[in-house]
Amino acid sequence: MRVEDNIKKIAADLLAYYDVHARKLPWRAPPGANAADPYRIWLSEVMLQQTTVAAVGPYFAKFTKRWPDVAALAAEEDAEVMAAWAGLGYYARARNLLACARAVADAHGGTFPDTEEGLRALPGVGAYTAAAVAAIAFGRRAVVVDANVERVVARLFAIATPLPAARPEIRSATDVITPDLRAGDFAQAMMDLGATICTARNPACGICPLRDDCAAVLTADPAAFPIKAAKKAKPHRLGHGWWIERPDGHVWLVRRPDKGMLGGMRALPSSEWNDAPDGTPPLVARWRRVAEPVAHVFTHFSLALTVHHAHVGQDVTPPGDGEWWPVAEIGRAGLPTLFARAAEAAMKEGKKDARL
DNA sequence: GATACGTGGTA
DNA sequence: TTACCAAGTAT
């Protein structure tokens with residue numbers, strides 16, 4: 001068989017697999033339905049950045065019900081969208097999501113750009129997302145490369161160069177096997193394959209539709225591809241958080257700065273997070289320290305947050321910007337997971353305190 | 001190219 | 001329990 005035929009066989013095999021085994025996902029138009037809605041495709045792609053399908057499901061349902069189109073999302077207040085995103089992580093995505101929705105609503109007349117280049121210029125839309133939306137929502141031929149595609153392609157061609165140096169080589173190989181027609185289905189098929197068969201650990205090579213096309217399956221350890229450099233150890237950091245409660249059952253919450261960890265999110269007042277954080281509370285009160293610090297692991301460091309709580313007078317106002325939030329409604333504040341857990345620990349301690 | 005940026009699931 | 005991993009982007 002000629003090389004070009006071999007190349008075409010990969011796309012043909014994969015699309016045949018996809019026609020039968022495509023996962024049913026909420027953002028995928030059912031077979032025979034109208035063309036995909038760019039808003040829903042874009043929203044799903046942003047949510048899925050570094051995030052599992054399982055985690056995205058409930059958020060996608062919540063967002064599309066509450067904001068059915070880009071105009072509705074663009075018109076929403078920042079705090080509402082940030083709170084709705086709470087728990088999903090990578091909060092810069094939520095800030096960029098709003099900025100993007102408003103750019104589409106204002107600068108593009110409510111319609112998403114239909115080219116990779118146009119999409120790429122939007123906030124929070126990088127090379128991957130621009131290619132994915134162009135291909136899936138607009139039927140363009142685009143070379144879509146995410147972590148799944150990197151893995152599948154590195155194995156298909158047994159690419160021995162370690163990541164990230166292998167990226168240009170992998171992109172080039174993906175370009176070669178991407179078909180002119182159905183590039184969107186091809187991309188989704190590659191991702192389905194990577195998520196269910198060509199998995200990072202214990203790939204199911206025995207049932208893989210590309211087994212006959214794969215170079216890695218002929219090696220001793222197909223799962224060894226792509227080759228990756230070892231990761232650095234995470235540093236451990238310490239921090240303090242303060243739960244300030246008023247007699248009428250309200251707690252003091254702040255909004256974190258847009259830049260940095262948990263940027264733009266509601267939070268408890270807290271210290272810097274480092275080797276020796278300043279544990280001076282934001283105000284003078286009778287502080288009680290919660291016995292067990294909240295242990296939390298972020299992408300590049302782990303944190304032990306010591307939580308303190310105090311009851312203050314009804315007329316007290318802590319320093320800085322913030323708001324009194326009803327403790328009974330704390331679940332609606334949209335606290336990122338670290339602070340949701342800190343709040344939980346503080347409230348538990350508070351009950352203990354009340355019994356004394 | 002390297003680093004910052006969340007969270008929950010899996011082995 | 002530690003370590004890795006998941007539909008990346010911005011700087």
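In what follows, chains are A, B, ... by sequence order, proteins preceding strands, each numbered from 1.
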Undergrad: Name the nucleic acid region contacted by Ser44(A), choosing base, sugar-phosphate or nothing; use a 4.0 angstrom heavy-atom cut-off, strictly under.
TA: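 Nothing, no nucleic acid heavy atom in range.
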Undergrad: Please check the phosphate of dC5(B) (OP1 and OP2 only) for any side-chain N or O of His300(A) closer than 4.0 Å.
TA: yes
Undergrad: Could you tell me whether Met261(A) contacts a base, only the sugar-phosphate backbone, or nothing, with contacts defined as non-hydrogen atoms closer than 4.0 Å?
TA: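 Since only primed, P, OP1 and OP2 atoms lie under 4.0 Å of Met261(A), the category is sugar-phosphate.
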Undergrad: Once you apply a heavy-atom cut-off of 4.0 Å, does Ala165(A) come out as touching a base, just sugar-phosphate, or nothing?
TA: nothing
Undergrad: Check every strand shown and say whether Leu88(A) touches a base, only sugar-phosphate, or nothing at a heavy-atom separation below 4.0 Å.
TA: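 Answer is base: heavy atoms of Leu88(A) come under 4.0 Å of a base.
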Undergrad: Rounded to whole angstrom, note down the P distance from dT9(C) over to dG8(B).
TA: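 Approximately 22 Å lies between the P atom of dT9(C) and that of dG8(B).
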Undergrad: Taking atom P of dC5(B) as reference, at what distance in whole Å does atom CG of Leu303(A) sit?
TA: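 Taking atom P of dC5(B) as the reference, CG of Leu303(A) is at 12 Å.
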Undergrad: Ignoring hydrogens and angles, write down the donor-acceptor pairs under 3.5 Å from the side chains of residues 117-135 of chain A, residues two or more places apart or on other chains.
TA:
unit_1, atom_1, unit_2, atom_2, d
Arg120(A), NH1, Val125(A), O, 3.1
Tyr128(A), OH, Glu45(A), OE1, 2.6
Thr129(A), OG1, Gln49(A), NE2, 3.0

Undergrad: Pick out which of Trp242(A), Trp243(A), Trp324(A) makes a side-chain contact (heavy atoms from CB on, under 4.5 Å) with Trp252(A).
TA: Trp324(A)
Undergrad: Quick test of your reading of the model: are Lys9(A) and Asp213(A) salt-bridged, counting only N-O distances below 4.0 Å?
TA: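 Judged by the 4.0 Å cut-off on N to carboxylate O distance, Lys9(A) and Asp213(A) do form a salt bridge.
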Undergrad: Is it true that the side chains of Asn96(A) and Arg93(A) contain a donor and an acceptor less than 3.5 Å apart?
TA: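 No, no side-chain donor-acceptor pair sits under 3.5 Å.
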Undergrad: List the steps, then state whether salt bridge (Lys or Arg N to Asp or Glu O under 4.0 Å) holds for Arg40(A) with Asp37(A).
TA: CA-CA 5 Å; Arg40(A) 293 167 62 90; Asp37(A) 176 354; 5.0 Å; no
Undergrad: Using whole Å, report how far NE2 of His296(A) lies from P of dG8(B).
TA: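 Result: 7 Å.
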Undergrad: Between the protein and nucleotides 2-6 of chain C, list every N/O to N/O distance that falls short of 3.5 Å.
TA:
unit_1, atom_1, unit_2, atom_2, d
dA6(C), OP1, Arg151(A), NH1, 2.4

Undergrad: Write down the distance between NZ (Lys259(A)) and P (dT3(B)), rounded to a whole number of angstrom.
TA: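 Atom-to-atom, Lys259(A) to dT3(B), this comes out as 18 Å.
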Undergrad: Could you give the distance separating dA7(C) and dT3(B) at their P atoms, to the nearest angstrom?
TA: 23 Å
Undergrad: Could you tell me whether Val297(A) contacts a base, only the sugar-phosphate backbone, or nothing, with contacts defined as non-hydrogen atoms closer than 4.0 Å?
TA: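 It contacts base atoms.
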Undergrad: With heavy atoms under 4.0 Å as the rule, sort Trp27(A) into base, sugar-phosphate or nothing.
TA: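 Here Trp27(A) touches the bases of the nucleic acid.
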Undergrad: Could you tell me whether the side chain of Asp185(A) reaches within less than 4.5 Å of the side chain of Gln188(A), counting heavy atoms only?
TA: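 In contact.
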Undergrad: If you find the nucleotide of DNA chain C closest to Arg120(A) and the one closest to Arg28(A), which residue's nucleotide is nearer the 5' end?
TA: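 In this pair, the answer is Arg28(A).
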Undergrad: Do Phe298(A) and His296(A) have ring centres separated by under 6.0 Å?
TA: yes
Undergrad: Would you say Thr337(A) reaches dT7(B)'s phosphate, i.e. side-chain N/O to OP1/OP2 under 4.0 Å?
TA: yes
